[in-house]
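Throughout, protein chains are lettered first and strands after them, A, B, ... in sequence-line order, and every chain is numbered starting at 1.
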There are 2 protein chains.
Amino acid sequence: MLDDRSKQILCAIVQSYISKPEPVGSRFVTKKYSFGFSPATVRNIMADLEDLGFLSQPHTSAGRVPTDKGYRFYVDCLHDINEPNDSNVDMGEFLCHFAEKLEGIRNDINGMFSEVTNALSVMSNYIGVITPPKPEKTTFNRIDFIRYKGDRVVAILLTEEGVIKNKIFTVDSRLTQEDLNRIADYLNSEYSGHTIDEIKGILVRKAHREKAVWDKLITRAIKIYGQAISFAENDIFVSGLYDVMNLPDFSDISRIREISKAIKDKHTILKLLDELSDAEGVSVVIGNENPVEELKSLSVVASTYKEKDRPMGVVALIGPTRMDYSKAIYMVDTIAKCISRTFD
Amino acid sequence: MLDDRSKQILCAIVQSYISKPEPVGSRFVTKKYSFGFSPATVRNIMADLEDLGFLSQPHTSAGRVPTDKGYRFYVDCLHDINEPNDSNVDMGEFLCHFAEKLEGIRNDINGMFSEVTNALSVMSNYIGVITPPKPEKTTFNRIDFIRYKGDRVVAILLTEEGVIKNKIFTVDSRLTQEDLNRIADYLNSEYSGHTIDEIKGILVRKAHREKAVWDKLITRAIKIYGQAISFAENDIFVSGLYDVMNLPDFSDISRIREISKAIKDKHTILKLLDELSDAEGVSVVIGNENPVEELKSLSVVASTYKEKDRPMGVVALIGPTRMDYSKAIYMVDTIAKCISRTFD
DNA sequence: TTTAGCACTCTCAGCCTGAGAGTGCTAATA
DNA sequence: TATTAGCACTCTCAGGCTGAGAGTGCTAAA
């Protein structure tokens, strides 16, 4: 749809603007990237690109700035090339180190997640995000119940992936520790290998089917298991609000307010990342492509991490639309793979 | 040290500046608070107060602004009066509601803590902080060990206060679940009621004393208990960075950067709050009184919450030095008492 | 000791200006 | 026909100037 020359010039403009946030003019393009056209020619092409919606002008006599559509075009080109550029090579070494570090804290999954978001944000100066595995995707390993202070019970749920969840709730005080053990034994022997959510369904169906021999154990198990797995909404790990403030894109206080509002209720981000969690490879969402209102002025680069090819959660970078997409894509991709590897 | 008239005027200026961040002039003081002096008299007094270091002038022909010393004087006066003022009465009702809500989530201590910081920051527009009970202050209730995936063990530690901690670590693979149970039984029957830290000391001493009959159980218990309680630094709960951005005091981007840097590494705040944790009642630290460099432009109002008169942790508000101290003190005090009550 | 009066100082918003950068259009050129 | 040189035009931005407004310090009178 775009001839070769326009394509070159558009990409040059986007690249230039990404590396320095100043409107880029025709003369600058001819000087910096010696294509062999004169500024006047470039001007004509730029005018065309503006008509097509790839560029815009802050005011009549300023240079051009990419629109979201312009960034989109650029990112799609990147996809074609996909060669590790210079800065990515620099990062490679760091990421190797990082992978080793992750291995070291494999046992502490929450620690690992905050380490990951930290590394993401420090290296990129954007906001690093990671969503932990969701209950419907995590595999039951075992559950235990411990009586605690009168009629309370602590449930400890372990998943295959290494997530530990605990919850305190109140039960019928006639239920003894032995009863609890029996229930736990039953659940552990019958259901390991299923996902947390599946088990609930199976239990309910089972109780239904065998209602002739309506088993007290199963009834109790259903009730207690239900209480034990009703956790608060999965928290997501976010880091880098401070780093992002140093970007020129957010030198304006109202933009900072906007962005902190967006990441304050993590629910919004979770919703967006959920939608991306089934995509293959790295997804890039640019500015107003974003379905969520609060994030329409930001871009998101995301990739899923997996356990044995089953997608578990999402790693992402959130930054301004004027983002170094090449770098961000490389980072998110590499780190998602690192995490997947530690799960095996 | 200050005569009655100066005292009145100083407090009036501080109050006025707290309610509206504009330098206050002599004419304004005489109009707003009808003391019966003329502006000229007030001017003389203000000049004296400036010499004494309670006030300062942004520039020659502006009104006066309180210095940290001025705020300190004001807060000390407040202490004398300590009558609930109008806005505090308004809050009273909210806080009652809040106390009920806390009761409802008593079982989920972490949930309770984030609820508390949230309420603090939303109501005050300052930053709400709470430090959870520290290991050396929490009382051991019981510990359990569960084998998990090969040679790993999950330790679940319950405290009297309702804190649940878990940790995965690796052990000698010859240690069976029965061995682990024996160790847990031993610890649970012997040591409930002591603090987490005490127990470690007791175990070590005991092993030493009985080295003739060097008991395998105790040796193992020491080793495993040590691994189980070596948690990462206690996290503190912080909330309200977004709310604080809407204050006129932080309309400047560099101040926002400063403040987010300060609360980014929670360690800094933890250090400060630790120092305040033994104080009786509400402590107020104003601006450069602050021992920590990063917080010298902020004020902290803090109070400890207790379990049966033993101080457990600290609730605090962090805000600009131009803080509504009266309100902040009232809030922090009330909420600390609420929390203490839920522990009984 | 307090107050009225007055000259003085400082900030701030508004206005203007010239330099600089970049454009769009037109006419000439390869 | 596609490209380019030239030129007038537009817009921003920093800098300087100005008058209004607010508040002070000092002095002399009450």
Side-chain angles (χ1 to χ4, degrees), chain A residues 2-10 12-17 19-67 70 248-249 251-253, chain B residues 2-10 12-17 19-67 70 248-249 251-253:
Chain A
L2 234 52
D3 65 7
D4 222 51
R5 217 175 43 175
S6 311
K7 207 162 145 179
Q8 276 187 309
I9 290 181
L10 178 51
I13 291 173
V14 175
Q15 244 164 44
S16 160
Y17 190 69
S19 68
K20 195 147 66 78
E22 278 166 15
V24 3
S26 55
R27 215 179 93 91
F28 180 85
V29 171
T30 55
K31 280 228 162 173
K32 181 83 176 283
Y33 311 79
S34 28
F35 292 128
F37 325 120
S38 80
T41 313
V42 173
R43 274 206 286 283
N44 287 328
I45 297 171
M46 280 163 91
D48 293 345
L49 288 170
E50 186 171 358
D51 290 343
L52 290 168
F54 292 109
L55 297 176
S56 77
Q57 258 181 318
H59 57 86
T60 30
S61 88
R64 256 73 169 204
V65 159
T67 60
D249 309 72
S251 59
D252 178 16
I253 183 114
Chain B
L2 235 51
D3 64 8
D4 222 48
R5 217 173 44 175
S6 311
K7 207 163 148 181
Q8 274 187 310
I9 289 180
L10 177 52
I13 291 173
V14 176
Q15 244 163 41
S16 160
Y17 190 70
S19 66
K20 196 147 65 78
E22 278 165 15
V24 3
S26 55
R27 216 180 90 91
F28 180 85
V29 170
T30 55
K31 279 228 163 176
K32 182 83 177 280
Y33 312 78
S34 28
F35 293 128
F37 324 122
S38 81
T41 313
V42 173
R43 274 207 286 283
N44 285 329
I45 297 170
M46 280 162 89
D48 292 345
L49 288 170
E50 188 171 354
D51 290 342
L52 291 168
F54 292 109
L55 298 175
S56 77
Q57 259 181 318
H59 55 88
T60 31
S61 86
R64 255 75 168 203
V65 159
T67 60
D249 309 72
S251 59
D252 178 16
I253 184 111

Do the side chains of A:Phe28 and A:Glu22 get nearer than 4.5 Å, heavy atoms only? no

Does any part of the side chain of A:Met46, heavy atoms only, come nearer than 4.5 Å to the side chain of A:Ile13, both counted from C-beta? yes

Of all pairs that satisfy salt bridge (Lys or Arg N to Asp or Glu O under 4.0 Å), the ones with a partner from residues 37-46 of chain B, not counting sequence neighbours: none

pair A:Tyr33-A:Gln15: side-chain heavy atoms closer than 4.5 Å: yes

When rounded to whole Å, the CD to P distance for the pair B:Glu22 and D:dA22 reads 11 Å

Between P on D:dA5 and CZ on A:Phe37, what's the gap in Å once rounded to a whole number? 14 Å

Both distances below 3.5 Å, Watson-Crick or wobble geometry, any strand: find the nucleotide opposite C:dG22. D:dC9

Within the structure provided, determine whether A:Val29 and A:Phe35 are in side-chain contact (heavy-atom separation under 4.5 Å). yes

Considering only heavy atoms from C-beta outward, does the side chain of B:Phe54 approach that of B:Ser6 to under 4.5 Å? no

Its contact letters, B for base, S for sugar-phosphate only and - for none at protein heavy atoms under 4.0 Å, make nucleotides 22-27 of chain C read BBB---

Under 4.0 angstrom between A:Ser38 side-chain N/O and D:dT3 OP1 or OP2: no

How long is the span from the CG atom in B:Leu2 to the CD1 atom in B:Ile45, to the nearest 0.5 Å? 10.0 Å

Protein-nucleotides 14-18 of chain D N/O pairs under 3.5 Å:
none

Hey, could you give me the CD1/CZ distance between B:Ile9 and B:Phe37, rounded to the nearest 0.5 Å? 5.5 Å

